[in-house]
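Everything below concerns the one structure shown next.
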Amino acid sequence: QVQLVESGGGLVQPGGSLRLSCTNSEFTLGYYAMGWFRQAPGKEREGVSCITSMGDTTNYADSVKGRFTISRDNAQNTVYLEMNNLKPEDTAVYFCAADARQLMSLVPHDYHFWGQGTQVIVSS
């Protein structure tokens, strides 16, 4: 099974920025469309963004459009989520996920390969 590893989370003030990374040391992520999801305490997991296997097409949830940017570097086997102008409501555990079917979905259950998550806290 493909096991993804996220990193880059932390505590930031409102208006700040973070860059999350997702990688895997055993498998080639370039065969997969990739998605970023988040889950806040007491809430359901929600889709944030996704990107095609080649990185030529992206999709974003309305809540993050204009603030977050998903990208990938297949030579480094890494997917990124740059988060700018962070708001307290962005506080959540952020997960990276892979979809071999390349549905470009923001529905969590359309993805079957996940990382452990990285915590993002936006607070003053």
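All residue numbers in this chain count up from 1 along the given sequence. All values reported here derive from a predicted model rather than from experimental measurement.
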Checklist entry - Is there side-chain contact between L86 and F68, with at least one heavy-atom pair below 4.5 Å? => result yes
Checklist entry - Rounded to the nearest 0.5 Å, how far apart are CG of L29 and OG1 of T78? => result 7.5 Å
Got a list of side-chain donor-acceptor pairs under 3.5 Å for residues 53-61, not counting sequence neighbours?
from	atom 1	to	atom 2	distance (Å)
S53	OG	Q102	OE1	3.0
D56	OD1	T52	OG1	2.5
Y60	OH	I70	N	2.9

Checklist entry - Can you list the steps and then say if K87 with D90 is a salt bridge (Lys or Arg N to Asp or Glu O under 4.0 Å)? => result CA-CA 5 Å; K87 305 176 183 298; D90 295 318; over 6 Å; no
Checklist outcome for this item: Distance col, row E46:CD vs F95:CZ, nearest 0.5 angstrom, shows 12.0 Å
Checklist entry - Do W36 and Y80 share a hydrophobic cluster, counting only Ile, Leu, Val, Met, Phe, Trp and Tyr and linking them when any side-chain heavy atoms are less than 4.5 Å apart? => result no
Checklist entry - Which heavy-atom pair separates H112 from D110 by the least distance, and what is that distance? => result CD2-O, 4.0 Å
Checklist entry - In Å and rounded to the nearest 0.5 Å, what is the OG1 to CZ distance from T69 to R19? => result 11.0 Å
Checklist entry - Linking I/L/V/M/F/W/Y whenever their side-chain heavy atoms sit closer than 4.5 Å, directly or via other members, would L106 and L4 fall into one cluster? => result no
Checklist entry - Relative to each other, are the rings of F37 and W114 parallel, tilted or perpendicular (30° and 60° limits)? => result tilted
Checklist entry - Would you say the side-chain atoms of E6 pair up with the backbone N or O of G117, donor to acceptor, closer than 3.5 Å? => result yes
Item to check | Rounded distance (nearest 0.5 Å) linking atom CD of E89 with atom NZ of K43 | outcome: 8.5 Å
Next on the checklist: I need the L20 CG to M83 CE distance, nearest 0.5 Å.
Outcome noted: 3.5 Å
Next on the checklist: Hydrophobic clusters here meaning ILVMFWY residues chained together by side-chain heavy-atom distances under 4.5 Å, can you tell me if V12 and L81 are in one?
Outcome noted: yes
Next on the checklist: If we ignore hydrogens and angles and just use 3.5 Å, is the side chain of N84 paired with the main-chain N or O of S17 as donor and acceptor?
Outcome noted: no
Checklist entry - Would you say C96 and M34 make side-chain contact, with heavy atoms under 4.5 Å? => result yes
Checklist entry - Mind checking whether P14 and P88 have side chains closer than 4.5 Å, heavy atoms only? => result yes
Next on the checklist: According to a hydrophobic-cluster definition based on side-chain heavy atoms being under 4.5 Å apart (Ile, Leu, Val, Met, Phe, Trp, Tyr only), do Y31 and V79 belong together?
Outcome noted: yes
Next on the checklist: Using only atom types and a distance under 3.5 Å, with no angle test, would you say the side chain of N77 pairs donor to acceptor with the backbone of N24?
Outcome noted: yes
Next on the checklist: Ignoring hydrogens, what is the shortest heavy-atom contact between M104 and A33? Give both atom names and the distance.
Outcome noted: SD-CB, 4.4 Å
Checklist entry - With sequence neighbours left out, what residues match Y94 under side-chain hydrogen bond (donor to acceptor under 3.5 Å, both in side chains)? => result R38
Checklist entry - At their closest point, which heavy atom of A40 faces which heavy atom of A92, and how far apart are they? => result N-CB, 3.7 Å
Checklist entry - Distance from Q119 atom CD to Q39 atom CD, nearest 0.5 Å? => result 11.0 Å
